[in-house]
Amino acid sequence: MVRPALAEYHAAARFIRAATHQRPTIGIITGSGLGALADRVAEPESIFTTDIPGWPVSTVEGHAGRLVFGRLGGTAALVMQGRIHFYEGYSMQALTMPIRVMQLLGIKTLVVTNAAGGLNPAFDVGDLMLIKDHINLPGLSGHNPLIGPNEPTLGPRFPNVAVAYTPALRALAHEVAGAQGLALREGIYVMVGGPSFETRAEVRFLRLIGADAVGMSTAAEVVVASHAGMQVLGLSLISNRLVPDSEALEATSHEEVLRAGQVAAPRLLTLVEGLFHRLGQAAPPAADSTD
Ligand code: HPA
């Protein structure tokens, strides 16, 4: 049976606290092709995740593993560059370890970003979508990251994740996007295991169950963040369109996903900086947490 690796989480948190004096309460995970966010951090202090004891190592192109502490939009932030995916062979527990470590580091608000395939026919490549809810397909089929003995100091046995994406943060995102003149879609994100892209029949299925965008990350992390009591904001960059009966479906590739990330990244970066600026005005003072 998989046990919650509490001692491992604490060891990683201790290592990070010893490596930097910065104590942000807001964190962000950058998705495929969106790692450039880390380059926008002012006064950065970087920690390579390969140096952190127990940290899962990202094996995917476009996912350099770094934690960058500094100021984003003027606000103290922790940027996690290089997330881990289920398809790399990690367990759900292992790939959500970074969220646990963030919890121990005192992160109270988590922004998750990803590149996603657009299922909603109204969506275009390059659109930004605020996640209002998710369908955790791996979770529903037995790969929930909370499976195993519960560690009560981290969260409850049966967490209610009905409202995992904090409404006040969604409202704030709309406000910031509006002020920037940026179009912001809103929709439901479905997580799949990957790494194969979807068949035509699967695209039809995902549309039928009400999803607007599909990707290979995020939902598992958000379940753990929600269990940890964090406030969560999710942003998807639509990197490709999934139209069941079009030839374009055959062209979906990781390169296409990364390319779209590069093209649309500046808009996402501007939005995120605006968000962090506003979050900083509302954030509680950063306190040094102990473990
Ligand atoms: N399917 C699954 N995951 C994705 C896609 C997709 O089309 N695009 C980006 N991530």
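Counting starts at 1 for both ligands and their atoms, in listed order.
- With ligand atoms numbered from 1 in the order given, ligand 1 contributes 1 (N), 2 (C), 6 (C), 7 (O) to contacts under 4.0 Å with heavy atoms of E198.
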**Prompt:** When you look at I99 and M230, which way does the side chain to side chain contact (heavy atoms under 4.5 Å, CB included) test go after all the steps?
**Reply:** CA-CA 10 Å; I99 315 293; M230 293 180 193; 4.1 Å; yes
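- At a 3.5 angstrom cut-off on N or O pairs, T252 does not count as close to ligand 1.
- Near A115, meaning under 4.0 Å from any of its heavy atoms, are these atoms of ligand 1: 9 (C), 10 (N).
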**Verdict with supporting geometry, L78 and L67, side chain to side chain contact (heavy atoms under 4.5 Å, CB included)** = CA-CA 7 Å; L78 161 54; L67 295 187; 3.9 Å; yes
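- In the hydrophobic cluster analysis, where Ile, Leu, Val, Met, Phe, Trp and Tyr join through side-chain heavy atoms closer than 4.5 angstrom, V263 is grouped apart from L184.
- Each of the atoms 5 (C), 6 (C), 7 (O), 8 (N), 9 (C) of ligand 1 lies under 4.0 Å from some heavy atom of N240.
- What sits closest to atom 3 (N) of ligand 1 on the protein, heavy atoms only, is G215 CA, 3.4 Å.
- Linking ILVMFWY side-chain heavy atoms closer than 4.5 Å, directly or via other members, places I52 and V57 in a single hydrophobic cluster.
- Ionic pairing of E175 and R278 is present here: one or more N-O contacts between side-chain nitrogen and carboxylate oxygen are shorter than 4.0 angstrom.
- Contact atoms of ligand 1 toward L242: 7 (O) (distance under 4.0 Å to a heavy atom of the residue).
- At under 3.5 Å, a nitrogen or oxygen of G117, whether backbone or side chain, sits near a nitrogen or oxygen of ligand 1.
- Looking only at side-chain heavy atoms (C-beta outward), H134 and T218 stay at 4.5 Å or farther from each other.
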**Asked** Given the rule in the side chain to side chain contact (heavy atoms under 4.5 Å, CB included) test, do N114 and R83 qualify, once you have shown the distances and angles that lead to the verdict?
**Response** CA-CA 10 Å; N114 59 53; R83 64 147 56 89; 3.9 Å; yes
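- Close contacts of ligand 1 with S239, meaning ligand atoms under 4.0 Å from a residue heavy atom, involve 8 (N), 9 (C).
- The option from I238, L237, V214 that lies nearest to atom 4 (C) of ligand 1, judged by heavy atoms, is V214.
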